[in-house]
Visitor: 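Take this structure, written in structure tokens, and hold onto it; I'll ask about it next.
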Amino acid sequence: MDYDMGGDCGDPPPLVLSTDTALLVDREALAAYGARGPEDVSCCYTAMWRVRPGVAVPDWPRGHTMPPTREGPLFDGITHGDHIRFGDRCEPFFEAAAVVHEFVRVNCTRLGARSMLGYNKVEDNTFPNLVALLSGMSVPELRKTCWGSDNTAHFDACPWVWKRFRREGYVNMFAEDSAWMGLFHYLKRGFVLQPTEYDPRPLLYLGGKHLGRALRRGSHQVCIGQRRELDVLLDYGRKFVRAMQRDRRKFFGIVWGSSMSHDDLNSASAADEAYADYLGDVLATGVLNRTALVFISDHGLRFGDILTTRQGRLEERLPLMYTVLPEWVRRRYPRAVRNLEGNANRLVTLYDVHETLYNYMHLPSLRALEGPPPPPASGAPPPRGRSLFSQIPDDRTCATAGVPKHYCACQTTVAVPADDHRRVRGLRAPPPPDALHFKTQSSLISVPAGCSRWPSSSSAR
């Protein structure tokens with residue numbers, strides 16, 4: 001009997017093929033993925049394997065009943081064979097490459113992007129996370145240094161990274177949609193003077209105020225007139241990039257879109273094509289031959305039923321980050337780039353991205369990061385921010401990385417009965433700042449068990 005499953009598994013065709021011993025890219029499939037040739041595609045593979053437990057599992061004689069399983073892990077503590085680990089290296093390939101591993105995970109991109117799987121947010125919402133990116137500070141540090149304590153001061157006096165880029169001869173651009181809840185303006189006073197040379201806030205603010213509309217009842221506005229806010233934002237980004245490429249100017253630009261993803265778990269998928277077109281247009285300008293690209297988010301969805309699941313709680317704390325480097329940088333600084341790739345499964349934050357920006361300003365500084373990091377001075381704490389081109393310690397903790405325990409994704413949990421005093425206290429009283437309490441629909445609740453380290457390899461995402 002034939003079944004209509006509503007689609008074709010072969011459209012587009014597989015990009016990567018395998019023989020008994022090798023992987024290779026199917027050249028005939030490149031066009032289906034928008035690639036003009038091998039130079040447009042970068043593929044790599046990572047070894048993967050099931051964790052071998054340190055327990056003895058006996059053979060059960062025929063006719064004997066096996067011990068019953070509990071909800072969650074089996075009786076031997078193994079989570080149904082799904083506890084998977086990945087290697088630290090993603091080995092590049094295009095032509096047939098011999099592979100000795102039984103299973104591998106393959107990642108192909110048109111940009112040669114590398115995913116930072118251990119990227120953990122540093123605070124709850126956008127403002128404190130982007131403060132870490134743009135200043136290297138926490139919000140309390142920013143208040144003490146330049147902003148004050150009552151949200152009435154402007155931000156002009158703060159040491160934003162734009163000032164350093166400007167001194168180094170770069171042109172700055174900061175663009176964000178959803179101007180009504182702008183990073184520096186929602187319940188805040190913004191800047192007296194525009195902080196970057198290019199900023200479309202006047203257009204997006206007035207457009208949203210007079211022409212903004214929602215696509216469905218109960219959601220916030222996503223349109224300005226007949227165009228989506230995100231499309232207006234990305235079009236501005238395209239024009240900026242083309243102008244910088246035409247004039248051969250060095251630039252530091254941030255294009256920050258939240259209108260399509262802030263309020264709904266699934267609506268972000270409606271922006272996939274817009275982002276793909278934008279990145280394709282940027283690639284076509286040739287600017288990525290001399291520009292580093294970081295595709296990044298600040299946090300996952302922070303509210304809704306998804307947070308009642310472990311997956312939702314992880315995604316809320318583990319936003320995405322991809323890095324793209326020009327090929328000549330990879331060739332000129334191979335050890336620093338290997339450090340970057342080796343950090344893909346290690347705990348990293350926006351404090352680290354802030355430090356990395358200074359390497360982008362002065363690429364020769366990567367030479368000094370090719371060896372192991374020097375030990376901290378006697379009695380001194382390890383640095384909170386580390387360049388992503390340095391070797392991030394595999395035993396780094398959220399505490400040393402500047403991530404409060406509440407937002408640390410490295411948590412072990414235990415199930416407790418519905419009448420357990422910890423559950424009742426968690427639902428009836430305000431939670432302490434260093435504990436996790438999640439709304440639950442079942443009679444069990446997960447509570448933290450004190451884990452503070454990020455595993456050196458993880459499949460959680």
Visitor: For T356 and L388, indicate whether the former's side chain and the latter's backbone hold a donor-acceptor pair under 3.5 Å.
Guide: yes
Visitor: Testing the 3.5 Å rule here: is there a donor-acceptor pair between the side chains of Q245 and R290?
Guide: yes
Visitor: Closer than 3.5 angstrom, by distance alone: can the side chain of N343 be matched with the main-chain N or O of I392 as a donor-acceptor pair?
Guide: yes
Visitor: Are any side-chain N or O atoms of N120 and backbone N or O atoms of Y407, one a donor and one an acceptor, separated by less than 3.5 Å?
Guide: yes
Visitor: Between R89 and E341 (salt bridge meaning N to carboxylate O under 4.0 Å), is one present in this structure?
Guide: yes
Visitor: Looking only at the aromatic ring of each residue, does the gap between the centers of F127 and W147 stay below 6.0 angstrom?
Guide: yes
Visitor: For R189 and T152, indicate whether the former's side chain and the latter's backbone hold a donor-acceptor pair under 3.5 Å.
Guide: yes
Visitor: Please identify which of these residues, W256, Y275, Y119, Y278, meets the ring-ring contact (aromatic ring centres under 6.0 Å, His included) condition with F295.
Guide: Y275
Visitor: Taking ring pair (Phe, Tyr, Trp, His ring centres under 6.0 Å) as the test, write out the residues that go with Y33, two or more places apart.
Guide: none
Visitor: Under 3.5 Å, is there a donor-acceptor pair between the side chain of R105 and the main chain of C90?
Guide: no
Visitor: So does K188 get a backbone contact from the side chain of N151, meaning a donor-acceptor N/O pair under 3.5 Å?
Guide: no
Visitor: So, R249 and E197, do they make that salt bridge, N to O below 4.0 Å?
Guide: no
Visitor: Using only atom types and a distance under 3.5 Å, with no angle test, would you say the side chain of N339 pairs donor to acceptor with the backbone of F389?
Guide: yes
Visitor: With a 6.0 Å cut-off on the ring centroids, do F240 and F251 count as close?
Guide: yes
Visitor: When you measure from the side chain of D235 to the backbone N and O of V232, does any donor-acceptor pair fall under 3.5 Å?
Guide: no
Visitor: So how far is it from S178 OG to Y205 OH, rounded to the nearest 0.5 Å?
Guide: 13.5 Å
Visitor: Do the ring planes of F184 and F174 sit parallel (below 30°), tilted (30 to 60°) or perpendicular (above 60°)?
Guide: perpendicular
Visitor: So does S258 get a backbone contact from the side chain of D177, meaning a donor-acceptor N/O pair under 3.5 Å?
Guide: yes
Visitor: Quick one: do the T400 and T397 side chains pair a donor with an acceptor below 3.5 Å?
Guide: yes
Visitor: When the ring planes of Y358 and H354 are compared, do they come out parallel, tilted or perpendicular, using 30° and 60° as the limits?
Guide: perpendicular
Visitor: Please report whether the SG atoms of C108 and C43 are separated by less than 2.5 angstrom.
Guide: yes
Visitor: Look only at the side chain of R396 and the backbone of L347, and say whether a donor-acceptor pair between them is shorter than 3.5 Å.
Guide: yes
